[in-house]
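Just below is one structure, and these are the notes that go with it.
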Amino acid sequence: MSRIIKRTYLAFILFFLYVPIVVLIFYSFNAGKSRAKWEGFSLHWYADLFQDAAILKALYVTLSVAVIAAIAATVLGTLAAIGIHAMRKRPQGFMMTMTTLPLTMPDIVTGISLMILFTFARIERGYFTMLLAHITFNTPFVILSVMPKLKQMNKHTYEAALDLGATPSYALVHVILPEIVPGIITGCLLAFTLSLDDFVISYFTTSPMVQNLSTLIYSKARIGIEPTLNALSALMFLSLLILLLMINRRAARAEKR
Amino acid sequence: MADMERLIDLQNISKEYDNTLVLEDINLYIRENEFVTLLGPSGCGKTTTLRIIGGFEHPTEGVVLFEGKDITHLPPYKRKVNTIFQKYALFPHLNVQDNIAFGQRIAKVPSAEIKKRVEKMLDLVDLRGYGKRRVDQLSGGQQQRVAIARALINEPQVLLLDEPLGALDLKLRKDMQLELKRMQRMLGITFLYVTHDQEEALTMSDTVVVMNRGRILQIGTPKDVYDEPVNSFVADFIGESNIYPGIMLEDQLVRFAGCDFPCVDKGFGHNQPVDIVIRPEDIQIVDMDAGQITGTVESVLFKGVHYEMIINAGELEFKIHSTVMQEPGTRVGLSIIPFNIHIMNPIPAENEEDMPDEIIEGDEVS
């Protein structure tokens, strides 16, 4: 009995969680413009999507920001993690708190504070500021995915390399990096995904002239939702879903080992 | 001053972590081809001493000389010593032969030569045919051998071993003890070995250095430290001991357990408080009227080679090892020949309490 209740409860949660998305995807294949009436299957909103110059430009901005921000955050985050790992206990604890703090901060606070910072520094908002913002909020995630790998390492492995004649930089490249590479890749994927996903921080750190997909959808939705946006949202949902599945699988595999 | 016999010379080494003194004025030299063991309980500073020689820690005070040259601040990769770490610290992403070849690749030895040397090393540590295995597919003993090969291939002048057998089971540990000793003799390499296992230290070493609370208590051959411990701590740590407070009445006469015993020690003065140490195997069980003191057998434990008996004699208890068992409850006499009564100066009280219990071992601080 209680099992049936549990199952039903779970089914309800999943239903309410996913039904809006399913509806959205469903109507992205609707031939007509309505979101209430099914007028037959069609892919023409998807076709329209790839002819809309504004959307294509936003797609380019989104992808390029995500790629550059993910790479930059991965480099910064990995180096930071190695540095923090080498610290003594107390400063290490302090640095890890400083790293996790931004994650718990609401996006809107991060977004507004970055906006104020850019204004204060007299940097004109646009592509570059959005990129900087994305690198900033991505870096802690990379640190947090690399750190467990460093902790897993035998603490004498690095010393063993030095002992055998390796300079610190040789040991870093030939001993430490190969050990933590799974964490680095996970961190990089995570950063890429979060960057694709982001709306709030991008909204506050870019100008109306440079828009990524999420800010574009937002500004278009204020005028009235076009069915192309359904198609766009469906595609974004799918690609993010795939990325997240990849990250989860990597994490699960890492745990098993 | 540069005594060529002294390969490594530690002079007045002190080390502090966060205002805690973990090494205090360590003076120690190691001769070529010597097998030296640092022995002591955990937290005694033995690992820190080893790490200072390896270059992973730098002393707060004092100098480290290697062949007469000051290497106190030389980084590890410029020292002619190699280390076997606790838990081996093999490189998990490399296979066995790449692990062993690691140091040779850095030294830019031609690859054909490396290949030859790796094969030779695999032979030496009895791992022929294991070259292509992943290191995590090996047993603990095999990983240990890879770690040894990885260090020895670089032909170090000194091999530092930090409790290398700690993770192995008893049987394997005994085999490896013999094997390490064999390699050390064969290759003519100086070994500096760290352990808390007194039996291991006595079996393998030429010289044993007993440490406690950051200080060296005694340096000597295994026989010296066993037979002539300098104080009751060393006596207790090396082998089992009965330790009692007593009074040195005059030369060659000591009083404890309410009885006067003839002994062989001299020069403690008159009526001085001393510690008396007697090994459990040095007390004879005799008939009640033939003994110097009498007591009752309280408990008997079978230990394999001998029985361990606790004899209650008034306010004192004696631990005795004997191959002849006495039934519990039996009244017996105990007799100790003068030669087997070891008289020591008591450990000054300040020694006991001047350091916190959780002294940081070197590897706890990274």
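All chains are named by letter (A, B, ...) in the order of the sequence lines, taking the proteins before the strands, and each is independently numbered beginning at 1.
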Turns out that what part of A:Ala161 lies under 4.5 Å from chain B's heavy atoms comes down to both
Atom group of B:Leu90 that falls short of 4.5 Å from chain A, counting heavy atoms: backbone
Under 4.5 Å, counting heavy-atom pairs only, tell me which of B:Pro92, B:Gly103, B:Gly55 racks up the most with chain A. B:Pro92
Show me the side-chain donor-acceptor pairs of residues 59-74 of chain A shorter than 3.5 Å, one per line, residues at least two apart or across chains.
unit_1  : atom_1 : unit_2   : atom_2 : d
A:Thr62 : OG1    : A:Ala58  : O      : 2.8
A:Thr62 : OG1    : A:Leu213 : N      : 2.8
A:Ser64 : OG     : A:Tyr60  : O      : 3.0
A:Ser64 : OG     : A:Val61  : O      : 3.3
A:Ser64 : OG     : A:Tyr127 : OH     : 2.6
A:Thr74 : OG1    : A:Ala70  : O      : 2.5

Under 4.5 Å to a heavy atom of chain A? For B:Arg79 that would be neither
Which atoms of B:Asn154 approach chain A - backbone, side chain, both or neither, heavy atom under 4.5 Å: side chain
I'd like to know if the side chain of A:Thr110 pairs up with that of A:Asp107 as donor and acceptor (distance under 3.5 Å, no hydrogens or angles considered). no
Looking at side-chain heavy atoms only, is the closest gap between B:Ile26 and B:Met211 below 4.5 Å? yes
Is a donor from one side chain sitting under 3.5 angstrom from an acceptor on the other, for B:Tyr17 and B:Glu57? yes
Residues at least two apart in sequence or cross-chain that pass side chain to side chain contact (heavy atoms under 4.5 Å, CB included) with A:Leu190, listed by chain then number, are A:Phe141, A:Leu194, A:Ile247
